[in-house]
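Everything below concerns the one structure shown next.
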Amino acid sequence: MAASSPAKIFEYFVVCGIGPEIATLEGNKGFQGMEVMYMPSLLDQYPPSNQSLYPPPPPQLPTCVLPAGVEFYTSGFNSDDVATYPRSYPIVLTEGDGSKIYVACIAFRDLVCDDIIEAYKIPANSFADKCICLVSRSPSFQVLKDALEELFILCFSPAGCSKPLWDVIADMVSNVPLPTPGKDRVLFAIENCLLCAETPPKEGLPHADISFQPLVQCLDVDNLIQFFTAVLLERRILLRANKYSLLTLASEAICHLIYPFRWQHVYIPLLFFSGVDYIDAPTPYMMGLHSGVDTYSLSMDGVVVVDLDYNRITTSEEIPPIPEPELSFLRSEILKLLHPNVTWIDHLKINFGSMSEQYIKCGNKPWGEEHNFQLRLIFLRFLALLLSGYRNFIEPTTNVFNSQAFLKKCSRATGEPIESMLMMTQFLESQGFMDYLERCIMSEESGNNLLDKLQDATGRGQDPISIFPTPSSEFEITTVSVTEVEVSEPGSRHCYKRFPSTVRTEEQEEKRRSILALANSAYSGRHTISSPMLANGDPKAESLSSMERAAERDRMVLDIKVKLQGLWLRLLRLGATEDPLSSFEYGTILALIESDAEGIGGSGFVECIREHIISGWQCRLTDEQFIAVKELLKTAINRASSRNDIATIRDALEVSAEMYRKDSNNVPDYVQRHLLSLCIWDELRFWDAYFEYLMEQSANKSANYVTLVTAQLIVIATHMDGLGLPDSDAWNMIEKIAEKNNLGYKQLIKLRAFLSHIQQLRVGYWGFSSGKGQSVSPYGLPSPHLQDGADGSHEPTEASVVGRSWVHSMFSRDRSIRANSFGRVLSSDGTKTGADSAKGDVTPGQKKLQSSMRILKGHTGAITALHCVTRREVWDLVGDREDAGFFISGSTDCLVKIWDPSLRGSELKTTLKGHTGQQLTGHDKSL
């Protein structure tokens, strides 16, 4: 079997900026003027998107690397205007599993492509923001920055480069390996510049290729300690600064200073401007926001605001101070490092000669690697002192940490009552501390636990430096050879006026031409030629007769439908590693749906789904396909609504009721339930027209008229329930349709009684909803889809939705982490808690994790499963579940409350909100 290729330090080179589809941050399509911010798009990448061996770049990348959006300008770089200078900054993205992606960015003004200028009638020689990025899984910030800057300089150097720029990029991304930690150095060249990459040994402190100087320069010692405490206690933290790089460097630095603990919650060092409303999220987070973004409309209640520009920390909730003597130790050690010449004078009077030499050594030279190391060591020594003897309070048989006993020990040592030790109490209850205990107790990192090593070394009177590996004096040098290319003419150079585009595939080029042709048609006012098949610049199109035009239109409609069929089937066949939302198939279908005023794309897409269902398709979708199809149907319905195309809306509603995905309990979740945010369902005109259609299509027209009307109203009510319309709104419209069709009051009473049981007859994942007006996200944040209107021009753009979905997934990950930790190693009194107490003993050293689900045995009603503190993707669903505890899927807004959870073998009582059956009570063994 062939050996796997070595890991590469560079995962992707990416270019972001204005693409062929132009939309403002508010979702308005097309060019709206110079002083407007536009959504960025992913323009080019290496490795290319058609190489399936590589995972795609994060879909939220364009939104994050250009957080303010893209602006157009009348001029480019001007050496006399600082505002036009290129900006270099790092960002960090966090994926759903908590892993980090490190990105070096250079944003600059670049010439807008000629075909975009022509299509959107943008002033000639306009410039727009563009961002080139190097993406890596390694936190090698300096190497990423140096390599990216060399590429940028090489591109715009008057001397040019010896081979095409994208060949240089391909060589670097494909060939530079990730250095072996602590063993080798990798040398590679970009044209005539030699760069070096290396990583520290795994046995030492985690790799942090950043300077900690910006953090200590922006915050004084007391504010630095207060910031550090807020992070340890997992508060909601918002950093503000007027430089992107400062936000990222300060966030990364504080995350390294809390080592060996890890920030377990939402982490966005640089938040895109349109995501400012996430600051009101109720769960812990650490986010950075440019100081120019207004937050006055937000409550900010309880948020710890760290202003790096003005050395200021504000919060409405007090941050409990670190207890003494640990606080004095931390403060004095930081002062010695930052101001050694001052503190040395006072220290001489007290204890001559005992001050460590490293402070003098650091104080005699500018800030560098030694300062970074000493600052990290100070905080590690502080944490070792704060948690002195904590291992003695881990039960050897159960691996449970007895926090109460540890707090009593601290209370006796300091003479302070436990009630006043708020900082320690909150810290021991934090997710970060629980995660640390699990990693260390379960031996994941027990072999390289520097905190334990430092405590042991201090106890033996050894130098703290002794716990770190000795730096290797001999590194193995790995040199990356440069691929030679044949030069057609000696001395020829490649020079560029704008950052060049890479070679596009035929499909990519076709999609680009189609989008620009549509834009050109719209801006030229030729609305009659509204399809990409006719808007191809053919001068003969204007001279066609009416019959020829009709025939040409029929061919065009057929062509679009055939194309949609192929794209639809290919979308369903995408591999497990491919993201439908970023696929060519999804983008092309979306462009065809949005392409014309006649609705050929939207109606054709719905029709091809219907034909696929008729042909025997089982309608099942994967989670990724589900999201893509849902968004496409939303767009199709919005476009149809703006054209008053009731037939397409009706057909889309019917096919959406067929397509579904299933959860881990095999319970179906239908596409139809995710369309509630669209405005058309509130309009009586749609349901009235739908009723007329049902009456016309009825196969049993010979039946009694009253029976026929009642049957069609039940069909309508079923769709209303599938959407989750509030009962009062649904019945009001049904009643009006019934009265219009002369349905008597006796039949109305019978119909009302029957419809009250619709929710129990319909099989659905989330059950009865509480109303459209309560459609919020699971975290108290407004859903971005609630802005969907009948006018498609005001829809959120795809990039905006992707960016917000990414943030939402991070909040969802945060919930999941807490779920898995619900019955974990931390206990207030050393006993097991909750449902875990009834699960039997486990062998010492074995993980004691509570699963995220409990089945309600013997229950045959609509309730299907009991989930522990976790939630599904309910971005578009109405009704919010409780923030903690348990919820029941398939129920009607149920909450399960555990009474006396700290008592082993206690009785679990469950209260089902909105449940009309008997209250469920039972021993915890029934779960």
Side-chain angles (χ1 to χ4, degrees), residues 25-27 37 60 63-64 67-69 93-94 96 227 230-231 233-241 247 250-251 263-308 312-319 426 430-431 677 770-788 796 800-818 869-871 873-884:
L25 294 181
E26 292 75 26
M37 303 308 293
Q60 70 274 11
T63 307
C64 294
L93 304 179
T94 309
F227 180 23
V231 175
L233 301 184
E234 299 177 342
R235 296 297 184 86
R236 297 155 63 213
I237 300 169
L238 178 67
L239 289 86
R240 302 301 303 270
L247 292 170
S251 300
W263 180 258
Q264 294 286 297
H265 304 280
V266 174
Y267 180 69
I268 311 176
L270 182 55
L271 180 65
F272 51 93
F273 292 12
S274 58
V276 64
D277 55 329
Y278 283 102
I279 294 171
D280 273 341
T283 58
Y285 60 73
M286 189 189 307
M287 296 192 287
L289 185 66
H290 192 275
S291 55
V293 181
D294 183 15
T295 59
Y296 289 111
S297 61
L298 305 176
S299 68
M300 306 293 286
D301 186 33
V303 178
V304 178
V305 181
V306 181
D307 194 324
L308 299 172
R312 184 171 57 205
I313 295 180
T314 57
T315 180
S316 60
E317 295 180 1
E318 183 181 359
I319 301 173
Q426 293 179 20
S430 68
Q431 181 67 48
S677 58
S770 55
K772 186 171 182 176
Q774 300 174 5
S775 181
V776 295
S777 79
Y779 311 104
L781 302 172
S783 163
H785 303 302
L786 292 184
Q787 301 303 320
D788 292 348
S800 176
V801 172
V802 169
R804 298 184 67 88
S805 296
W806 167 64
V807 179
H808 165 63
S809 71
M810 295 182 65
F811 281 103
S812 180
R813 177 179 64 83
D814 177 47
R815 290 285 193 269
S816 178
I817 288 172
R818 289 217 297 270
V869 203
T870 59
R871 303 186 193 205
E873 177 85 8
V874 288
W875 197 250
D876 300 288
L877 298 178
V878 295
D880 196 13
R881 272 32 180 215
E882 294 292 331
D883 188 53

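Owing to the predicted nature of the structure, the values given are computational and were not obtained by experimental measurement.
- By the side-chain hydrogen bond (donor to acceptor under 3.5 Å, both in side chains) test, Thr314 pairs with no residue at all, sequence neighbours left out.
- Checking side-chain atoms of Glu234 against main-chain N and O of His265 turns up no donor-acceptor pair under 3.5 Å.
- Contact of the Ile268 side chain with the Tyr285 side chain is not registered, since no non-hydrogen atoms from C-beta on lie closer than 4.5 Å.
- With hydrogens and angles disregarded, a donor-acceptor distance shorter than 3.5 Å links the side chain of Ser316 to the backbone of Gly302.
- Considering only residues two or more places apart in sequence or on other chains, Thr295 meets the side-chain contact (heavy atoms from CB on, under 4.5 Å) condition with Arg240, Val276, Ile279, Leu289, Leu298, Met300.
- Put simply, CG on Leu239 and CZ on Phe227 are 4.5 Å apart, with the number rounded to the nearest 0.5 Å.
- In terms of heavy-atom proximity, Phe273 sits nearest to Ala68 at CE2-CB, 3.2 Å.
- Summarising the geometry, atom CH2 belonging to Trp263 is positioned 4.5 Å from atom CE belonging to Met286; distances are rounded to the nearest 0.5 Å.
- Residues Trp806 and Leu93 form a side-chain contact, since some pair of their non-hydrogen atoms from C-beta on lies under 4.5 Å apart.
- Arg235 is listed as a side-chain neighbour of Gln426, based on a closest heavy-atom distance under 4.5 Å.
- Annotation for Pro67 and Leu270: closest pair CG-CD2, 3.8 Å, computed over non-hydrogen atoms.
- Interatomic distance, NE2 of His290 versus CG of Leu271, reported as 13.0 Å (0.5 Å rounding).
- Gly69 and Leu25 make their closest contact through CA-CD2, 4.3 Å (heavy atoms, listed as atom of the first residue, atom of the second, distance).
- Taking both residues in full, the closest heavy atoms of Leu247 and Pro269 are given as CB-O, 3.5 Å, listed atom of the first, atom of the second, then distance.
- In terms of modelled atom types and a separation under 3.5 Å, the side chain of Thr94 and the main chain of Tyr267 share a donor-acceptor contact.
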